[in-house]
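A note on names: the letters A, B, ... follow the listed sequences, proteins ahead of strands, and every chain is numbered from 1.
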Amino acid sequence: MKRAYALVDCNNFYVSCERVFNPKLEGVPVVVLSNNDGCIVARSNEAKAIPIPFAVPAFQCRETFRKHKVRVLSSNYTLYADMSRRVMDTLREFAYDMEVYSIDEAFLSLVGLEKERRGEFCSFLRKTVRQWTGIPVSIGIGETKTLAKVASKVAKKSDEGVFDIIDYPYADNVLEGMDVSDIWGVGPAYTKFLYRYGITTALALKKAPEPLVRKKMGVMGVRTVRELNGRSCFWIEPPQTKRKGILSSKSFGRPVESLKELNEAAATYVTRAVEKLRSQRSVASVFMVFILTNRFKEDYYSNSYLCRLPAPSAYTPDFIRAAQSAMKRIYKPGKKYKKVGVFIADIVPDDSIQMAVFEPGSYNTKRQELMAVVDRINEQWGSNVVDYAATGVKKGWRMRRRMCSPQFTTNWDELPEAS
DNA sequence: TCTGGGGTCCTAGGACCC
DNA sequence: TCTGGGGTCCTAGGACCC
């Protein structure tokens with residue numbers, strides 16, 4: 001039986017989430033900004049039509065926003081994560097095999113379905129997701145994941161919202177009309193290289209000589225080319241429960257100069273990262289602390305320090321202490337810092353450290369229990385109900401979110417009101 | 001004034017071993 | 001004159017994704 005994959009892709013996801021709870025946003029141009037109200041990360045179709053480009057800094061578009069009465073929103077990831085869960089739960093009800101690929105995309109296996117059934121099934125999914133969650137989706141169907149991605153781009157522009165490229169007689173025309181940079185796995189660097197060799201369309205990449213691709217794009221490139229030719233190299237992946245690295249960092253709402261505030265921010269991000277570490281039942285003994293000034297300005301400065309704990313741990317105070325002594329080493333006075341971050345590598349499961357639990361300073365049972373209590377309280381009563389003094393009180397450096405919508409679905413105090 | 005955050009995988013090169 | 005070679009592991013960096 002022929003393989004078939006569907007890619008379900010939410011349309012303008014963040015904008016669609018906002019519209020579910022604020023109908024006034026329907027039919028007008030809407031954009032959603034990244035953290036710290038920095039760049040444009042989502043646009044409604046009306047905003048795309050103006051046109052407003054993707055990923056540009058918001059301050060560069062101020063004039064366009066004003067002229068076209070664009071509704072500008074800060075991102076509300078709590079809301080988007082919850083809406084994503086609803087969409088994925090809906091798909092899971094009907095999927096035979098499924099992979100949540102990102103916050104707004106999922107791959108489904110359609111193996112065993114005939115062509116007409118595939119289309120019917122996907123139209124049904126599309127209608128059901130819309131009814132149950134309010135989120136519009138497009139669905140592309142292909143023999144490989146890469147081709148399903150291609151098909152979803154076509155689906156997005158069609159009225160039906162579903163496009164099946166398997167056995168489609170004009171499939172090569174579709175590929176010919178698609179820029180090579182639109183292919184999954186082809187980013188800016190590879191696009192530049194491919195253009196140099198005259199490979200500018202998806203069809204040209206499909207026919208590109210394998211040795212050349214192998215040499216310049218590695219095995220991933222070869223796999224992409226094979227997938228364009230209908231040979232599967234990527235399959236439905238089981239859910240990834242354990243991260244290999246945990247990064248927590250954010251830009252400041254304003255430049256920060258004092259060591260005190262940098263320490264607070266570092267403690268805040270360490271706390272978040274170690275929380276994530278515990279939530280996946282892991283420990284670590286190595287992590288990196290880094291600081292950066294504004295990279296778009298002269299005098300750019302960045303530095304980092306690798307902290308080593310005496311033993312693998314997920315005890316937050318251990319990490320905070322180490323982070324602050326690291327900060328002392330990398331801090332240079334007189335700089336305007338833009339960002340602090342923490343990266344935990346070297347992650348191992350927490351059941352692999354039993355040998356060390358009786359040594360002093362280790363992640364022993366008592367400390368594990370204390371952390372478990374803190375996590376439970378924060379989960380039940382809201383994060384940061386129990387917090388560490390080192391994370392600061394004023395937190396004047398916190399990121400900007402000037403135009404954020406309420407936590408409609410996850411906070412009792414902010415439920416939408418019907419009138 | 002204002003330029004995101006959080007991940008993955010692959011590869012080349014060096015260290016080290018026999 | 002002649003100065004091994006192959007394997008493994010680790011790391012940093014670069015590419016990609018959303």
What base-paired stems does DNA chain C take part in, with at least 3 consecutive Watson-Crick or G-U wobble pairs and both distances under 3.5 Å?
-> B:5-18 with C:5-18
A:Arg400 vs B:dT3: side-chain N/O to OP1/OP2 distance below 4.0 Å = no
Just call it for A:Ser248: base, sugar-phosphate, or nothing, with non-hydrogen atoms closer than 4.0 Å on any strand.
-> sugar-phosphate
Between A:Lys335 and A:Lys332, what is the shortest heavy-atom contact and its length?
-> CG-O, 3.5 Å
Consider the side chain of A:Leu247, meaning its heavy atoms from C-beta on, and name the nucleotide among B:dG6, B:dC2, C:dC16 that approaches it most closely.
-> B:dG6
Verify the contact: side-chain N or O of A:Lys276 to OP1 or OP2 of B:dG7, cut-off strictly under 4.0 Å; return yes or no.
-> yes
Electrostatic pair A:Arg92-A:Asp89, nearest N-O below 4.0 angstrom = yes
Rounding to a whole Å, what distance do you find between A:Asn12:CG and C:dC18:P?
-> 15 Å
Establish, with yes or no, whether the OP1 or OP2 oxygen of B:dT11 is under 4.0 angstrom from a side-chain nitrogen or oxygen of A:Arg214.
-> yes
When you check the gap from the basic side-chain N to the acidic O, do A:Glu63 and A:Arg66 get nearer than 4.0 Å?
-> yes
Of the listed B:dT3, C:dC18, B:dC2, the closest approach to the A:Cys39 side chain comes from B:dT3
Check whether any side-chain nitrogen or oxygen of A:Arg402 sits under 4.0 Å from OP1 or OP2 of B:dC2, and answer yes or no.
-> no
Counting any heavy atom closer than 4.0 Å, what does A:Ile246 reach on the DNA or RNA strands: base, sugar-phosphate only, or nothing?
-> sugar-phosphate
Looking at every strand, decide which applies to A:Lys297 at a 4.0 Å heavy-atom threshold: base, sugar-phosphate, or nothing.
-> sugar-phosphate
A:Glu63 atom CD is separated from B:dC2 atom C1', nearest whole Å, by 15 Å
Atom of A:Leu247, atom of A:Lys276 and distance for their closest heavy-atom approach | O-NZ, 4.0 Å
Would one find a side-chain N or O of A:Ser251 under 4.0 angstrom from OP1 or OP2 of B:dT3?
-> no
Given B:dG5, is OP1 or OP2 found less than 4.0 Å from the side-chain N or O atoms of A:Lys339?
-> yes
Please determine if A:Lys145 forms a cation-pi arrangement with A:Phe107, meaning its NZ or CZ atom is less than 6.0 Å from the six-membered ring centre and no more than 45° off the ring axis.
-> yes
Aromatic stack A:Tyr190/C:dC16: centroid gap under 5.5 Å, interplanar angle under 30° | no
Please check the phosphate of B:dC9 (OP1 and OP2 only) for any side-chain N or O of A:Lys244 closer than 4.0 Å.
-> yes
Under-4.0 Å side-chain N/O to phosphate OP1/OP2 contact, A:Lys250 with B:dG6 | yes
Look at all strands and tell whether A:Gly341 reaches a base, only sugar-phosphate, or nothing, counting heavy atoms closer than 4.0 Å.
-> nothing
Picking from C:dC17, C:dA15, B:dC10, the nucleotide nearest the side-chain atoms of A:Val219 would be B:dC10
Considering just the side-chain nitrogens and oxygens of A:Ser249, establish if one lies under 4.0 Å of OP1 or OP2 belonging to B:dG4.
-> no
Give A:Ile40 one of three labels, base, sugar-phosphate or nothing, depending on what nucleic acid heavy atoms sit under 4.0 Å from its own.
-> nothing
Sidechain N-carboxylate O distance under 4.0 Å for A:Arg226, A:Glu210 = yes
Aromatic ring proximity, centroids under 6.0 angstrom, A:Tyr315 and A:Phe319 = no
